[in-house]
Amino acid sequence: MREVQPMIKGVRGAPDILPTEVGRWQRVETESRRVLENYGYHEIRIPIFERTELFVRGIGEGSDIVQKEMYTFTDKGGESLTLRPEATAPVVRAVHEHSLLSEGKPVKVYYIGPMFRHERPQAGRFRQFHQIGVEAIGVEGPRVDAEMLALLVHLFEEWGLPDLELHLNSIGDPSCRPSYVERLTEFLRSRKAKLCRDCQERLDRNPLRVLDCKNPGCRAVTAHAPKSIDFLCDPCADHFRRLRELLDALEVKYELDPRLVRGLDYYTRTAFEIVNPALGAQNAVAGGGRYDGLSEEIAGKAVPGIGFAVGLERVVTSLAGKGKDRKTLGDQPLEGVFVATLGLEPDRHGFLLVQRLRRAGVRTGLDLTGEGDRSLRSQLRQADKERFRYCLILGEDELKKGEATLKDMEGGGQEAIPLGTVVDHLTRVKRGEHP
RNA sequence: GUGAGCGUAGCUCAACGGUUAGAGCACUGGACUGUGGCUCCAGGGGUUGAGGGUUCGAAUCCCUCCGUUCACCCCA
């Protein structure tokens, strides 16, 4: 006797997006594409895996992503490859590899696709997740920053999420950040006893991280900690001041957030996040900033850049709480025709008729479980459930007379029409020429 | 990687340690042998996550594993 095979299940943290929910995803994606193109961004498609070295150098050796979250494997040639945990480094790589900057600056691109991080899943966090990301590479001035933030806010408005918070900060650059970090460390060290155990460790490893600790005790301490924007060097301070002027002029609303930090070394100056406080522990729906040091790291050329990434799962769950996004089957408009057949002979005709209707561009349904031997009742029920506007009934009676019965599923009325005119009739209905 | 909660039908959930593990929704059929939505009736569907233990008897108590959820960590 053969043993029953156990069911093969999906991989942890890699959820399926089912047909019932995929409509919302498609809506977000198409709306995004339109807005992004209006701002002068073009899509770029990069591989979902890269040489491991790209991420190690790009994201930083010491980062959590590189240290413990990458899906890394050795391919048959012995080379170490990694499923992309983020796409900024690959995009910067591609921009340099294909010399796109020679076509003019900045290079403005966006991408939509899956990312992979080996983390423990929880609300809003997955091992395979999806991002829409935007990068503008090659220009240093604050206008790019302002345009990008206006775009980011615009996207959220377009999706129907206008109330989320935009947090903004400037974390300086290599010429001024070290002295700030020094002052911050000094400040925290004198209050070390009041910090949580994690933060006491962070104090040595990455003092900036203490600022965004959730522990109430730590927050009380850091509430009066020195702020990075008070320690910016002149060029950084000027950049930030001009950015804020531009944002005010554009009427982009934001909140200055001195706790907002980016852990990685290549981040410079502008840092920002979109937060949905209703979301739970993982409440950053989008995040980004300037990375003027990144190109140097992965291509050996100092080229400024700025970008952000939006977490699509987090956008979609933010949307799910909103009534206006409800797109249940029942709200969908009635459209097309269901061909119901009664008997083997009518079913043969019906099967061919369905194909002709579909080729003519009409949304058409039929029963696939039988061959005209299913009850009319159940076929009508299927037509109703699948939201067809009409049901074309083809039985022995009709076939003998060379007709078909066209039933209006909305009003309930029905009429006999000659079989030969069915396709023509329904394409005219579709074009709105005929009720 | 750490901690806590939860695993019963496709889904949402019942069942004081005690007959054959139930209900609603969904699905299929019928009432209406060729007319949907509403109503009523019937039917199919379960290794109670898996394995072990305690007991006369376990969905229920204990242990291990697995899965899942939330949180820490970190981030989209």
Side-chain angles (χ1 to χ4, degrees), chain A residues 4 6-7 9-13 15 18 20 59 63-69 85-88 112-134 152 196-199 201-202 205-206 209 212-215 260-264 273-276 279-288 307-318 329-330 334 338 340-343 346 369-370 372-399 405-414:
Chain A
V4 187
M7 178 163 61
K9 294 198 288 194
V11 175
R12 182 210 300 272
L18 301 177
T20 46
I59 302 169
S63 67
D64 276 38
I65 291 179
V66 169
Q67 287 216 320
K68 48 188 194 192
E69 294 173 6
E86 57 108 47
T88 301
I112 302 180
M115 308 293 157
F116 307 85
R117 290 183 201 172
H118 191 106
E119 297 180 277
R120 197 78 172 261
Q122 74 182 75
R125 195 170 72 182
F126 309 91
R127 289 185 173 179
Q128 173 171 339
F129 60 101
H130 298 79
Q131 290 185 332
I132 293 184
V134 173
L152 179 59
C196 70
R197 233 193 10 249
D198 284 338
C199 280
E201 276 174 41
R202 278 191 264 250
R205 222 181 45 232
N206 194 347
R209 283 258 153 263
D212 61 3
C213 180
K214 290 167 193 159
N215 184 299
L260 178 53
V261 294
R262 306 264 98 171
L264 315 180
E273 250 173 33
I274 297 273
V275 171
N276 181 357
L279 227 43
Q282 314 301 324
N283 60 8
V285 184
F308 65 77
V310 184
L312 282 181
E313 282 79 2
R314 293 179 189 181
V315 168
V316 169
T317 45
S318 299
L329 216 60
L334 296 175
F338 186 92
T341 60
L342 295 155
T369 68
D373 53 356
R374 242 175 119 210
S375 71
L376 179 59
R377 171 192 166 75
S378 69
Q379 293 189 63
L380 278 165
R381 213 155 33 191
Q382 186 180 345
D384 185 56
K385 199 164 43 187
E386 293 175 14
R387 307 290 297 169
F388 286 101
R389 174 65 202 270
Y390 297 97
C391 186
L392 191 81
I393 301 165
L394 192 55
E396 308 282 1
D397 304 349
E398 283 90 349
L399 196 59
T405 302
L406 188 66
K407 181 185 172 75
D408 186 340
M409 296 298 281
E410 198 162 47
Q414 56 188 52

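Reminder, nothing fancy here: chain letters follow the sequence lines and each chain counts from 1.
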**Prompt:** Quick one: are A:His130 and A:Val316 in side-chain contact, heavy atoms under 4.5 Å?
**Reply:** no
**Asked** Quick one: what's the B/S/- string for nucleotides 33-42 of chain B, heavy-atom cutoff under 4.0 Å, read 5' to 3'?
**Response** -BBBB-----
**Item:** Dot-bracket encoding of pairs in RNA chain B, which uses [ ] for pseudoknotted crossings and | for another strand, Watson-Crick or G-U under 3.5 angstrom
**Value:** (((((((..((((....[...)))).(((((.......))))).....(((((..]....))))))))))))....
Between the base of [N] and the side chain of [X], is there a donor-acceptor distance below 3.5 Å?
| X | N | answer |
| --- | --- | --- |
| A:Gln122 | B:C75 | no |
| A:Arg209 | B:C74 | no |
| A:Arg125 | B:C73 | yes |

Checking all strands, does [X] fall into the base, sugar-phosphate, or nothing category for heavy-atom contacts under 4.0 angstrom?
| X | value |
| --- | --- |
| A:Ala286 | sugar-phosphate |
| A:Gly133 | nothing |
| A:Phe126 | base |

**Request:** Would you give the length of the straight line joining atom NZ of A:Lys407 to atom SG of A:Cys391, rounded to the nearest 0.5 angstrom?
**Result:** 8.0 Å
**Prompt:** CZ/A:Phe388 to CG/A:Leu380 distance, rounded to the nearest 0.5 angstrom?
**Reply:** 12.5 Å
**Request:** Report the residues that fulfil side-chain contact (heavy atoms from CB on, under 4.5 Å) with A:Asn276, sequence neighbours left out, ordered by chain and then residue number.
**Result:** A:Leu164, A:Ala278, A:Leu279, A:Val285, A:Ser318
**Request:** Quick one: list whatever passes side-chain contact (heavy atoms from CB on, under 4.5 Å) with A:Arg381, sequence neighbours left out.
**Result:** A:Arg377
Would you tell me if any nitrogen or oxygen in the side chain of [X] comes within less than 4.0 Å of OP1 or OP2 on [N]?
| X | N | result |
| --- | --- | --- |
| A:Arg127 | B:A76 | no |
| A:Arg374 | B:G29 | yes |
| A:Arg202 | B:C73 | yes |
| A:Arg120 | B:A71 | no |

**Request:** With C1' as the reference atom in both, quote the distance from B:U2 to B:A76 in angstrom, rounded to an integer.
**Result:** 23 Å
**All side chain to side chain donor-acceptor pair (under 3.5 Å) counterparts of A:Glu273, not counting sequence neighbours** = A:Arg262
**Request:** Output every pair passing salt bridge (charged side-chain N to carboxylate O under 4.0 Å, His left out) with a member in residues 120-129 of chain A, not counting sequence neighbours, ordered by first then second residue.
**Result:** A:Glu119-A:Arg125
